[in-house]
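As the structure is a computational prediction, the values presented were derived from the model and not from experiment.
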Amino acid sequence: MGSGSAVTLLLLFCLWGLFISLSSGARLSASRQKLEVNKHLNRLNKPAVKTIQSPDGDIIDCVHVSKQPAFDHPFLKDHKPEGLFDENKLSENPQEKSNAPITQLWHVNGKCPEDTIPIRRTKEEDVLRASSVKRYGRKKHRTIPKPRSAQPDLINQSGHQHAIAYVEGDKYYGAKATINVWEPKIQQPNEFSLSQLWILGGSFGQDLNSIEAGWQVSPDLYGDNNTRLFTYWTSDAYQATGCYNLLCSGFIQVNSEIAMGASISPISAYRNSQFDISILIWKDPKEGHWWMQFGNDYVLGYWPSFLFSYLADSASMIEWGGEVVNSEPDGQHTSTQMGSGHFPEEGFGKASYFRNVQVVDSSNNLKAPKGIGTFTEQSNCYDVQTGSNGDWGHYFYFGGPGKNPNCQ
């Protein structure tokens with residue numbers, strides 16, 4: 001054998017060895033990832049007393065209230081859920097009661113028994129869509145606008161765009177709004193569109209505290225384009241704390257009828273029937289926890305005050321409105337819709353709205369906010385217009401189509 005052939009053979013052996021090494025490394029990496037994903041699923045999916053199959057493909061597990069993910073938190077090991085089926089506790093609620101029905105799709109196939117809470121089961125494919133197991137169920141950084149002193153260029157770099165109304169300059173102990181429900185079209189699976197309220201405390205740096213709730217369409221998080229009820233919280237500007245819904249320990253649910261992250265039905269249609277949901281978040285004056293109510297009848301649960309630094313006392317800003325992710329590179333704009341996908345000037349039946357916008361004061365009373373401001377990065381893409389009248393109190397229309405001749 002010539003020296004050239006020997007060198008070729010040696011190279012082939014080396015390449016084969018490298019291929020074997022890479023293949024076994026990839027297999028090892030894949031099996032390690034599968035193990036990591038399964039461990040995470042076991043942490044999230046608690047043993048169910050009853051399981052309900054939703055028409056949209058969701059699986060709803062009825063989990064005993066004491067077994068929910070919140071109690072994985074080291075500070076909550078011996079915590080007894082407050083207000084559990086206790087009407088006296090709910091008298092602290094600053095909202096009057098009525099009987100407006102709210103539905104989620106899974107309700108058509110059953111309900112959860114008392115002393116349990118409904119939890120949307122997390123599937124393997126849900127976790128695999130995330131950038132990593134650790135980031136599953138978490139927002140990326142910089143998803144809150146900073147009105148007035150904002151640097152739009154800085155915000156746009158993060159890909160998040162907003163059309164919001166806000167108040168600041170006082171101490172706030174909660175907020176309420178009734179939000180029109182739509183099913184906006186999403187251009188890319190890694191984008192989302194939401195309508196929510198933000199309860200904010202602290203600076204807009206690394207220590208921002210935020211409690212958020214509303215509806216969202218997020219193919220990345222849920223694997224479909226359904227409109228879903230959601231909550232979020234963070235105490236360090238989305239870095240290491242907090243998550244959507246019940247995907248980490250934190251929020252303590254006490255309600256057996258509403259599932260976080262489950263589809264809302266029905267939704268509004270353009271020039272047709274309009275449907276909305278009410279969300280109220282308020283701070284319990286005795287214990288200091290932040291409670292959430294959905295509709296006029298469902299007190300869902302609370303965020304314990306110890307989760308937060310600034311919000312342990314009060315909020316310094318409240319925001320209401322829409323947010324989308326624009327993932328298009330090179331200055332191009334996404335066609336992901338915000339709200340109904342129509343601009344505010346189209347008005348009722350066409351544009352998305354927030355009505356009866358209120359804040360909770362230090363006496364635990366709902367009141368009209370003073371000095372509402374508005375903010376949007378690119379009004380040709382998504383816009384906001386405020387107003388007030390006798391029926392709707394303070395309200396605003398908001399949203400837009402994203403990419404259009406005036407928004408490239």
Could you give the distance from NZ (Lys67) to CD1 (Ile117), rounded to the nearest 0.5 Å? 13.0 Å
Taken to the nearest 0.5 Å, the spacing of Glu257 CD from Cys112 SG works out to 9.5 Å
Please table the atom pairs, donor to acceptor, closer than 3.5 Å between any side-chain atom in residues 179-186 and protein atoms at least two apart or in another chain.
{"residue": "Asn180", "atom": "OD1", "partner": "Ser268", "partner atom": "OG", "Å": "3.0"}
{"residue": "Asn180", "atom": "ND2", "partner": "Gln274", "partner atom": "OE1", "Å": "3.3"}

Determine whether Phe306 and His289 satisfy the following criterion, ring-ring contact (aromatic ring centres under 6.0 Å, His included), listing intermediate values before the conclusion. CA-CA 8 Å; Phe306 73 77; His289 305 320; 7.9 Å; no
Inter- and intrachain pairs under disulfide (SG to SG under 2.5 Å), touching residues 352-408, at least two apart: Cys381-Cys407
In terms of relative ring orientation, are Trp291 and Tyr302 parallel, tilted or perpendicular, with 30° and 60° separating the classes? tilted
Measuring only between side-chain heavy atoms, which start at C-beta, is Asn209 closer than 4.5 Å to Leu200? no
Can you check whether Asn364 reaches Trp282 side chain to side chain, under 4.5 Å on heavy atoms? yes
In Å, rounded to the nearest 0.5 Å, how long is the span from CG of Leu208 to OG of Ser203? 7.0 Å
Can you classify the ring geometry of Tyr397 versus Tyr353 as parallel (below 30°), tilted (30 to 60°) or perpendicular (above 60°)? perpendicular
Quick one: do the Gln161 and Glu323 side chains pair a donor with an acceptor below 3.5 Å? no
How would you list, by chain and number, every residue that makes a ring-ring contact (aromatic ring centres under 6.0 Å, His included) with Tyr244, sequence neighbours excluded? Phe230, Tyr232
Set of side chain to side chain contact (heavy atoms under 4.5 Å, CB included) partners for Lys134, sequence neighbours left out: Ser132
Which residue pairs satisfy the disulfide (SG to SG under 2.5 Å) criterion with at least one member in residues 192-236, sequence neighbours excluded? none
What is the distance from atom CD of Glu319 to atom CE of Met317, rounded to the nearest 0.5 Å? 5.5 Å
Tell me yes or no: between the side chains of Glu191 and Thr334, is some donor less than 3.5 Å from an acceptor? yes
Would you call Gln293 and Ile279 a side-chain contact if the rule is heavy atoms closer than 4.5 Å? no
How would you list all residue pairs meeting disulfide (SG to SG under 2.5 Å) that involve residues 168-232, not counting sequence neighbours? none
Checking side chain to side chain contact (heavy atoms under 4.5 Å, CB included) between Pro118 and each of Ile52, Ile60, Asn255, which is the one that passes? Ile60
Before you tell me yes or no, could you show the steps for Thr374 and Thr386 under side-chain contact (heavy atoms from CB on, under 4.5 Å), namely the whole-Å CA-CA distance, both residues' side-chain angles and the distance that decides it to 0.1 Å? CA-CA 8 Å; Thr374 60; Thr386 60; 3.4 Å; yes
Does any N or O in the side chain of Thr241 come within less than 3.5 Å of the main-chain N or O of Ser235, such that one atom is a donor and the other an acceptor? yes
If you take all heavy atoms of Pro113 and Ser256, which pair is closest and at what distance? O-CB, 3.9 Å
Stepwise, does the side-chain hydrogen bond (donor to acceptor under 3.5 Å, both in side chains) test hold for Gln188 with Ser327? CA-CA 8 Å; Gln188 307 279 1; Ser327 64; 5.0 Å; no
Looking at Ala315 and Ile199, what are the two nearest heavy atoms and their distance? CB-CG2, 3.6 Å
Could you tell me whether the side chains of Thr234 and Ser210 share a donor-acceptor contact shorter than 3.5 Å? no
Would you please name every residue forming a ring-ring contact (aromatic ring centres under 6.0 Å, His included) with Phe396, sequence neighbours left out? Phe354, Phe398
Is there a donor-acceptor pair closer than 3.5 Å between any side-chain N or O of Lys123 and the backbone N or O of Ile59? no
Within the 4.5 Å heavy-atom criterion, are Ile281 and Trp290 side-chain neighbours or not? yes
4.5 Å side-chain heavy-atom contact, Met260 and Phe251: yes
Report the distance from atom CG of Leu44 to atom OG1 of Thr122, rounding to the nearest 0.5 Å. 4.5 Å
Measure the shortest side-chain to side-chain distance between Ile318 and Tyr166 over non-hydrogen atoms and say whether it is less than 4.5 angstrom. no
Among Ile267, Ile264, Asp276, Leu194, find the one that has a side chain to side chain contact (heavy atoms under 4.5 Å, CB included) with Trp215. Ile264
Shortest non-hydrogen contact from Leu247 to Gly137? CD1-CA, 3.7 Å
Side chain to side chain contact (heavy atoms under 4.5 Å, CB included) partners for Ser335, two or more places apart: Gln187, Lys403
Nearest heavy-atom approach of His394 to Ser388 is ND1-CB, 4.0 Å
Does Glu212 form a side-chain hydrogen bond (donor to acceptor under 3.5 Å, both in side chains) with Gln196? I'd like the steps, not just the answer. CA-CA 7 Å; Glu212 306 164 28; Gln196 68 170 58; 3.1 Å; yes
Not counting sequence neighbours, list each pair that qualifies as a disulfide (SG to SG under 2.5 Å) and has a residue in residues 196-311. Cys243-Cys248
I'd like to check Trp320 versus Val167 (side-chain heavy atoms, cut-off strictly below 4.5 Å). Are they in contact? yes
CZ (Phe75) with more than 12 external heavy atoms under 6.0 Å: no
Any residue meeting ring-ring contact (aromatic ring centres under 6.0 Å, His included) with His64, in chain and number order, not counting sequence neighbours: none
Would a 4.5 Å heavy-atom cut-off, applied to side chains only, mark Val133 and Leu128 as touching? no
Parallel, tilted or perpendicular: which describes the rings of Phe375 and His162, with under 30° parallel and over 60° perpendicular? tilted
His342 meets the ring-ring contact (aromatic ring centres under 6.0 Å, His included) criterion, sequence neighbours left out, with Tyr270
Minimum heavy-atom separation for Ala259 and Gln104, please, with both atom names. N-OE1, 2.7 Å
Leu221 and Tyr136: which non-hydrogen atoms are nearest, and at how many Å? CD1-CE1, 4.2 Å
Apply side-chain hydrogen bond (donor to acceptor under 3.5 Å, both in side chains) to residues Thr178 and Ser278 and explain how you reach the verdict. CA-CA 4 Å; Thr178 298; Ser278 290; 2.7 Å; yes
Decide yes or no on side-chain hydrogen bond (donor to acceptor under 3.5 Å, both in side chains) for Thr376 and Asp383, but give the supporting numbers first. CA-CA 6 Å; Thr376 181; Asp383 204 5; 5.3 Å; no
According to salt bridge (Lys or Arg N to Asp or Glu O under 4.0 Å), does anything in residues 42-63 pair up with another residue at least two apart or in another chain? List the pairs. Lys46-Asp72, Asp56-Arg228, Asp58-Arg120, Asp58-Arg228, Asp61-Arg121
From Asn356 atom CG to Leu366 atom CG, the distance as rounded to the nearest 0.5 Å: 10.0 Å
